Amino acid sequence: MEHDAAAISANAVEDRDHKFLAIAVEESYKGVECGDGYPYGAVIVRNDEVIVSSHNMVLRNKDSSAHAEMIAIREASQKLDQIELPECEIYASCEPCPMCFGAIHFSKIKRLVYGAKAEAAGSIGFSSFIGDAWKDAGFPKLEIKKIDDSGAEQVFEKTKDKFK
């Protein structure tokens, strides 16, 4: 009986992760469709409530730091009126770059869930090295989870013609 409860709990977490990651993937498409930026999306969640969802706004803002994760962290901090977000989780459509990972770390977000590997962004001209910078850094207190069947990898393939 105990084993069944653990399996049900694990399935509930998996379903929850897919739900919030799907919102981040939708944000990726939204950002491309409206011309704001590249196909990246992020969602910040606290206690199963979406605090903010955002997409890349590099093109709209003419700001190379306007990545989806950076926008989400800024907006969540403003909305919650706090600098650190230790009760929050971030769902990112793609593996974060070093800048975004640093912001996630410094904001003390407790959990990162992402869909696409950084290498997938190569189809729109981004270097795949971006995800390697933080992997062996040994940052404490951050749970990191990759979800393989999120549909996030297809975002780059489906939008690559817009970025040639």
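Positions are given from 1 along the sequence. Keep in mind that what you see is a predicted model, and the values were worked out from it rather than measured.
Residue pairs meeting the salt bridge (charged side-chain N to carboxylate O under 4.0 Å, His left out) criterion with at least one member in residues 19-48, sequence neighbours excluded, are Arg16-Asp48, Glu27-Lys30, Asp36-Arg60.
Rounding to the nearest 0.5 angstrom, the gap separating the CD1 atom in Ile83 from the OG atom in Ser107 is 11.0 Å. Here CE of Met99 is found 3.5 Å from NE2 of His67. Values are rounded to the nearest 0.5 Å. Once rounded to the nearest 0.5 Å, the distance linking CG of Asn47 with SG of Cys88 reads 8.0 Å.
You'll find the side chain of Val50 reaches within 4.5 Å of the side chain of Phe20, heavy atoms only. Contact annotation: the side chain of Ile44 approaches that of Ile109 to within less than 4.5 Å [non-hydrogen atoms, C-beta and beyond]. Between Ile71 and Asn61, some side-chain heavy-atom pair lies under the 4.5 Å cut-off. In this structure, Glu143 and Lys110 have side chains that are not in contact, with every pair of non-hydrogen atoms separated by 4.5 Å or more. Leu80 is listed as a side-chain neighbour of Leu85, based on a closest heavy-atom distance under 4.5 Å. Counting heavy atoms from C-beta outward, Cys100 and Met70 have side chains that approach closer than 4.5 Å.
In plain terms, the two heavy atoms of Lys158 and Tyr29 that are nearest each other are CD-OH, 3.3 Å. Smallest separation of non-hydrogen atoms from Ala118 and Glu95: N-OE1, 2.7 Å. The minimum heavy-atom distance between Ala72 and Ala42, with the atom names listed, is CB-CB, 4.1 Å. Of all heavy-atom pairs between Gly41 and Ser28, the closest is N-OG, 3.1 Å. Smallest separation of non-hydrogen atoms from Glu75 and Ser53: OE1-O, 4.4 Å. Contact detail for Leu59 and Gly35: the closest heavy-atom pair is CB-O, 3.9 Å.
Under the 3.5 Å distance criterion, the side-chain polar atoms of Glu84 are left unmatched by any main-chain donor or acceptor of Pro86. The backbone N or O of Val58 lies less than 3.5 Å from a partner atom in the side chain of Asn56, making a donor-acceptor pair. Checking side-chain atoms of Thr159 against main-chain N and O of Pro39 turns up no donor-acceptor pair under 3.5 Å. In this structure, the side chain of Ser93 does not engage the main chain of Tyr40 through any donor-acceptor pair within 3.5 Å. In this structure, the side chain of His18 engages the main chain of Glu14 through a donor-acceptor pair within 3.5 Å. Panel note: side chain Lys146, backbone Val113; no donor-acceptor pair is recorded below 3.5 Å.
Under the 4.5 Å side-chain contact rule for hydrophobic residues, Val52 and Ile90 share a cluster. Taking hydrophobic clusters as Ile, Leu, Val, Met, Phe, Trp and Tyr residues chained together by side-chain heavy-atom distances below 4.5 Å, Leu21 does not share a cluster with Val155. A continuous path of hydrophobic side-chain contacts links Ile104 to Ile144 [ILVMFWY only; heavy atoms under 4.5 Å]. Grouping the Ile, Leu, Val, Met, Phe, Trp and Tyr side chains by contacts below 4.5 angstrom, directly or via other members, places Ile23 apart from Val25.
Comment: Arg74 does not engage Glu69 in a salt bridge, judged by the lack of any side-chain N to carboxylate O separation of less than 4.0 angstrom. One finds a salt bridge joining Asp17 and Arg111 here, because a Lys/Arg side-chain nitrogen approaches an Asp/Glu carboxylate oxygen to under 4.0 Å.
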Given Gln82 and Glu87, is the side chain to side chain contact (heavy atoms under 4.5 Å, CB included) satisfied, shown in steps? CA-CA 11 Å; Gln82 59 192 62; Glu87 297 104 29; 4.1 Å; yes
